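As the structure is a computational prediction, the values presented were derived from the model and not from experiment. Throughout, a chain's letter reflects where its sequence line sits, starting with A, and its residues are numbered from 1.
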Number of protein chains: 2
Amino acid sequence: MSSTARGARARARIEVTAAIKEEARRQLAAEGAAKLSLRAVARELGMVSSALYRYFPSRDDLLTALIIDAYDSLGASAEAAHAAVADAVPLRRWVAVCEAVRDWALAHPHEYALIYGSPVPGYSAPRTTVPAAARVGILLIGIVRDAQQGQTRPVEPPLPAELRSEAERITADLAPDLSPEVVTVLVAAWSQLYGLVGFEVFGQFNRLVEERAPFFRHAVTRLAHGVGLG
Amino acid sequence: MSSTARGARARARIEVTAAIKEEARRQLAAEGAAKLSLRAVARELGMVSSALYRYFPSRDDLLTALIIDAYDSLGASAEAAHAAVADAVPLRRWVAVCEAVRDWALAHPHEYALIYGSPVPGYSAPRTTVPAAARVGILLIGIVRDAQQGQTRPVEPPLPAELRSEAERITADLAPDLSPEVVTVLVAAWSQLYGLVGFEVFGQFNRLVEERAPFFRHAVTRLAHGVGLG
DNA sequence: CAAAAAAGAGAGCACTGCTCTTGCTCTGGG
DNA sequence: CCCAGAGCAAGAGCAGTGCTCTCTTTTTTG
């Protein structure tokens, strides 16, 4: 029999689990990860705090679940934005994905902090989060791959000798059909994108950059040029 | 009379304040900001927790003090690294400052998280932190300024019209003697530097980039090219 | 239908930040 | 010189936290 009709108990379990995550996400959005309290979640749901441990063995496990959801939410936003301009020229698709990341981060600052800010507990990031976390990167790789069919700019400067073998290893892992030069720059651009977004979300641009949307667009356009687009 | 000899009481106060910060910094380095506990600090210093409130009115105030110290420590490291190559060509000085930021961050990951990761409490960053936080940026601006005396590469692409006035405003605030094109790219490069560093410190490069020093050097060299250096 | 598994309730432990009151000690102005 | 007031430490206590343990109820399963 299907797992959805496996009895009232199983159904209740996934409903309660969802309700816990929903309320936890609300508290996260309202106050940040530091103030997320298991007891407050339980209280809001009308259950006693110890009952919550039947669903999440610890506060950190709850947070991990929220982290994965956040990665998925961000990935889905980026993919949707990309799909909306799927037929456009690569540069335009690149900018669309970057702007989707920025928009999501501004709309969900605490969740952004959870996944791209400081690691919250001792530090965790269990392997479970890897596939969800990779979605934006995969998107960017795909755009560059498509662009390589057409004409691209040269990537400068050339790889220094000390980086050659490492660049080839990363390329083999990530996108064997691209050149090590491009992949290296792409990985750097990927991290730099989050530098731009992080500075805006965490207030580092306060009283410095005001017109942030055009500033961001210009910066990620330059990033795109760096990987050979446009 | 000098403020250093203003009586045993005043001297004791600054000594105790320093001891508190020292112990707090030790706990911060060991366990991270989340687990920094006023009571534990007091316990370690052989005082009762309530006594500590004579020196820092709240846990957040203690954290703010540590934040300022962290900015200063990072700024001092960067300035020292810059001074050591003060006569070199601008590109080399740029790379030296960037690598100093990276080295400091890797040596003090929790302090780095404190200042460039997620804002810890509701969020604070009181104005007091601004001058300390600006030191690295000032260094980078100075390098670019010096480079403008000699030959530089052109900055591409040109500023879009929608960014023109904002770029001029930022330039007037930051470095009126530089062109808006360069200043805009410089601000972006500044944030992107912290994207590179943050991804390494927070483990986003795990199992992806292994030879991180040459990778970083290459990436910041490209950043330097972007602002016209080299 | 009875045994077993799952879930909730409640008490309790050890910890946190923070406040308030009670004393002791040092210091500056009369 | 001396003594009132400021500075400081200590202790008790409040409200909250994550988490564990036991006990009871409910549901599923052999």
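Summarising the geometry, the separation between CG on B:L45 and P on D:dA9 is reported as 10 Å, rounded to the nearest angstrom. The separation between A:R9 atom CZ and C:dA4 atom P is 16 Å, rounded to whole Å. Here the C1' atom of nucleotide D:dT28 and the CZ atom of A:R11 are 14 Å apart, to the nearest Å. For B:L62 and C:dC18, the CG to C1' distance is 14 Å, given to the nearest whole Å. One interatomic measurement links the two molecules: CG of B:L52 to C1' of C:dT16, which rounds to 14 Å at whole-angstrom precision.
B:F56 places a side-chain heavy atom less than 4.5 Å from the side chain of B:T17. Looking at B:I143 and B:H82, their side chains come closer than 4.5 Å, going by heavy atoms from C-beta outward.
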Scoring nucleotides 10-17 of chain D by protein non-hydrogen atoms under 4.0 Å (B base, S sugar-phosphate only, - none) yields BB-B---B
Any chance you could lay out the side chain to side chain contact (heavy atoms under 4.5 Å, CB included) test for B:L174 and A:L208, step after step, and finish with the verdict? CA-CA 9 Å; B:L174 234 49; A:L208 178 58; 3.6 Å; yes
Yes or no on salt bridge (Lys or Arg N to Asp or Glu O under 4.0 Å) for B:E23 and B:R26, after CA distance, side-chain angles and deciding distance? CA-CA 5 Å; B:E23 175 59 31; B:R26 179 171 17 255; 2.9 Å; yes
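Contact annotation: B:Y55 side-chain N/O to D:dA9 OP1/OP2 distance is under 4.0 Å.
Side-chain atoms of A:W94 come within 3.5 Å of backbone atoms of A:V220 as a donor-acceptor pair (strictly under, hydrogens ignored).
As judged by a 4.0 angstrom heavy-atom cut-off over every strand, A:F56 is placed among residues making no nucleic acid contact.
Every residue two or more places apart in sequence or in another chain that forms a salt bridge (Lys or Arg N to Asp or Glu O under 4.0 Å) with A:E168 is listed here: A:R164. Among residues two or more places apart in sequence or in another chain, the ring pair (Phe, Tyr, Trp, His ring centres under 6.0 Å) test is passed with B:Y71 by B:Y116. A:A42 meets the side-chain contact (heavy atoms from CB on, under 4.5 Å) test with A:M47, A:S49, A:L52; sequence neighbours excluded. Residues satisfying the ring pair (Phe, Tyr, Trp, His ring centres under 6.0 Å) criterion with A:Y55, sequence neighbours excluded, are absent altogether.
D:dG7 and D:dC3 have their C1' atoms separated by 16 Å, with the value rounded to a whole Å.
Sorted by residue number, the members of residues 13-29 of chain A with any non-hydrogen atom under 4.0 Å from DNA chain C read A:R13.
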